[in-house]
Amino acid sequence: MSKRASAGPESIGHFFNPKSVAIIGASAKQKKIGYVIAKNFIESFKGKFFMVNPTVGEVLSCPAFPSVKSIPGEVDLAVVAVPAKLVTGVLEDCGEKGVGAAVIITSGFKEIGGEGVKLEEELVRIGKEHGIRLMGPNCMGVFDSTTMVDTLFIPRYRLKRAPRGNIAFISQSGASGIAFLDWAAGERIGISKFASYGNASDVDEADLLEFLAADRETNVIAMYIEGIKDGRKFANVAREVTATKPVLVLKSGATASGAKAALSHTGSLSGSDEIFDAVVRQTGMIRVYDWEEMFDIARVLAYQPAAKGERIAVITNGGGAGVMIADEIEKHGMKLAAIGEKTLAGLRAKFPPHVALRNPMDLAGDADNERYRDAITAVLADDSVDSLLLVCIPHTPGIDLESFVDVVIDSSRKNNKPMVVCLPGGRIAFEIRELFEENGIPTYPTPMRAALSLSALVKYGSLRSNLSCAKC
Ligand code: COA
């Protein structure tokens with residue numbers, strides 16, 4: 001009996017918010033993948049879960065069932081971690097049980113060619129016949145920071161789970177997903193949902209995008225992909241989703257060597273990079289080219305409002321950093337705002353004559369917190385400014401490190417204009433950067449990273465206003 005009424009986005013909910021889960025291949029042997037997954041569920045899952053293993057009576061003090069069919073009551077989600085040759089049989093059992101979805105961790109399918117391709121076709125057939133949504137095979141599966149479904153087979157002492165937040169990350173590659181999650185946990189950046197969908201035999205990038213578009217916990221969607229399963233479906237879904245949430249996409253396999261590697265990694269055809277670029281432009285997604293960029297932009301989109309225009313004010317206490325930022329602003333298609341004469345006159349009356357009242361505004365090496373407070377308040381209130389890029393060299397003696405973050409937050413509070421901070425430097429800068437981040441102000445060590453991230457808010461703001469113009 002099929003549990004699934006349709007293959008629509010609601011069926012994807014079984015993966016993230018199941019009431020009951022069967023861990024098939026659960027193991028008490030510490031080095032096994034089935035052990036880590038069982039432990040994850042024991043330690044944090046909020047719903048019911050059952051261990052399935054025909055060779056033992058219990059796993060980690062939980063009773064083990066010989067098959068999913070012998071579990072009393074319903075099972076929404078099966079997590080499958082048994083060798084490839086056993087997966088079809090296990091999936092048939094799931095079908096008879098009426099399981100709604102299965103995460104298939106196991107490798108050895110389409111990505112190895114030959115028999116693996118046939119085996120994967122068989123999985124898809126069984127899934128369709130019984131109405132089971134399939135994630136994988138050859139994947140890490142799911143992490144949900146609210147329900148605490150956690151099928152990642154990386155032990156927690158090696159990968160601290162990221163805190164709750166509103167960035168969702170979907171990744172065709174499990175390892176790339178882990179790198180992103182580890183980074184997020186280290187920087188205490190909140191994640192709403194994570195899915196590694198491997199060979200995309202059934203659930204693909206478009207299905208996950210569509211589901212996340214409606215997810216209340218998610219404000220920003222970041223994706224890593226190697227190839228698109230169904231280009232038309234993906235483009236249609238992406239166009240719809242970007243109207244309500246920003247979508248960041250990192251696609252590899254752009255060169256002949258990368259495309260060959262993608263084929264043997266997840267069995268994906270990378271396709272033409274030019275065509276993919278055109279799809280990105282037409283659908284309003286934001287393309288990024290490496291992990292750092294993805295991470296930098298994801299958090300700025302998660303924490304700051306979209307910019308209403310491209311006019312940027314720069315306030316700094318270091319002239320050189322101001323010049324570098326000016327270059328980066330132009331390189332990333334933004335403009336230095338022409339700060340109004342009234343604003344400048346007001347600041348002229350307060351500041352010593354060596355403060356350079358232009359844009360970038362150089363508050364000079366003796367700037368203190370109060371000078372920053374006055375400058376930020378005045379510049380953000382100016383109608384000719386859409387966003388602020390604030391630079392601070394924290395080593396200068398006038399800056400009171402203890403209260404600097406509070407001063408910046410306090411003086412920016414009255415305006416809902418985007419702000420990012422560039423705080424170059426080592427140990428001292430690192431601590432203040434963390435404080436800014438904890439308060440929702442993305443902070444970067446280099447001018448280039450700060451400007452690039454701000455440009456994403458400008459791009460997304462322009463997309464939003466084009467869409468609302470198209471509707472009026
Ligand atoms: N139902 C449930 N459990 C079963 C079973 C069945 N029908 N048949 C066997 N099992 C049990 C086994 O007895 C074993 O339990 P034990 O540890 O108590 O002995 C457990 O399931 C696992 O089976 P095992 O044969 O020991 O396999 P394994 O743990 O060595 O490997 C995989 C299984 C899935 C991990 C492996 O095949 C694999 O694919 N590894 C790569 C995974 C990967 O990289 N995925 C992609 C990530 S991006």
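Whatever order the structure lists them in is the order used to number ligands and atoms, beginning at 1.
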*Asks:* Under a 4.0 Å heavy-atom limit, does L86 contact ligand 1 with its side chain, its backbone, both, or neither?
*Replies:* side chain

*Asks:* Nearest protein heavy atom to atom 19 (O) of ligand 1, by residue and atom, and its distance?
*Replies:* K29 NZ, 2.8 Å

*Asks:* Using heavy atoms and a 4.0 Å limit, tell me yes or no: is Y35 in contact with ligand 1?
*Replies:* no

*Asks:* Around F430, counting heavy atoms of other residues, nucleotides and ligands shown, do more than 12 lie under 6.0 Å from its CZ?
*Replies:* no

*Asks:* For F153, counting its heavy atoms only, list the atoms of ligand 1 lying under 4.0 Å from any of them.
*Replies:* 47 (C)

*Asks:* Is atom 1 (N) of ligand 1 less than 4.0 angstrom from some protein heavy atom?
*Replies:* yes

*Asks:* May I ask you to check if K251 and F276 form a cation-pi contact, with NZ or CZ under 6.0 angstrom from the six-membered ring centre and within 45° of the axis?
*Replies:* yes

*Asks:* Under 30°, 30 to 60°, or over 60°: which ring-plane class applies to F169 and F180, parallel, tilted or perpendicular?
*Replies:* parallel

*Asks:* Hey, what do you get for CG (L181) to CE (M140), rounding to the nearest 0.5 Å?
*Replies:* 9.5 Å

*Asks:* Counting heavy atoms only, name the option from T55, V82, I105, V68 that's nearest to atom 45 (N) of ligand 1.
*Replies:* I105

*Asks:* Thinking salt bridges, do K335 and E330 make one under a 4.0 Å N-O criterion?
*Replies:* no

*Asks:* Considering only protein heavy atoms, which is closest to atom 20 (C) of ligand 1, and at what distance to one decimal place?
*Replies:* G25 O, 3.7 Å

*Asks:* Do any nitrogen or oxygen atoms of N53 lie less than 3.5 angstrom from nitrogen or oxygen atoms of ligand 1?
*Replies:* yes

*Asks:* For atom 42 (C) of ligand 1, state which one of G177, S107, G136, A84 supplies the nearest heavy atom.
*Replies:* S107

*Asks:* Which atoms form the tightest heavy-atom contact between P137 and L123, and what is the distance?
*Replies:* CG-CD1, 4.1 Å

*Asks:* Counting heavy atoms only, name the option from A81, A64, P83, S27 that's nearest to atom 27 (O) of ligand 1.
*Replies:* P83

*Asks:* How far is atom 46 (C) of ligand 1 from the closest protein heavy atom, and which atom is that?
*Replies:* N138 OD1, 3.3 Å

*Asks:* Does a donor on one side chain and an acceptor on the other come within less than 3.5 Å for Y224 and S252?
*Replies:* yes

*Asks:* Once you round to the nearest 0.5 Å, how far does CD of E240 lie from NZ of K245?
*Replies:* 13.5 Å

*Asks:* To the nearest 0.1 Å, how far is atom 36 (C) of ligand 1 from its closest protein heavy atom, and which atom is that?
*Replies:* T106 CG2, 4.6 Å

*Asks:* Decide, yes or no, whether a salt bridge links D144 with K193 under the criterion of side-chain N to carboxylate O below 4.0 Å.
*Replies:* yes

*Asks:* Using a 4.0 Å cutoff against the non-hydrogen atoms of I33, which atoms of ligand 1 qualify?
*Replies:* 35 (C), 42 (C)

*Asks:* Is there a donor-acceptor contact under 3.5 Å linking the side chains of S453 and R299?
*Replies:* no

*Asks:* Provide the number and element of each atom of ligand 1 under 4.0 Å from a heavy atom of V52.
*Replies:* 2 (C), 3 (N)

*Asks:* List every atom of ligand 1 that sits less than 4.0 Å from any heavy atom of I24, numbering the atoms from 1 in the order shown and giving each element.
*Replies:* 1 (N), 2 (C)

*Asks:* If you measure every N/O of V90 against every N/O of ligand 1, is any gap under 3.5 Å?
*Replies:* no

*Asks:* Would K32 count as being in polar contact with ligand 1, using the rule that some N or O on each side must be under 3.5 angstrom apart?
*Replies:* yes

*Asks:* Between the candidates P54, A22, C139, A26, which shows the shortest non-hydrogen contact distance to atom 4 (C) of ligand 1?
*Replies:* P54

*Asks:* With the threshold set at 4.0 Å, does a side-chain nitrogen-carboxylate oxygen contact exist between K308 and D386?
*Replies:* no

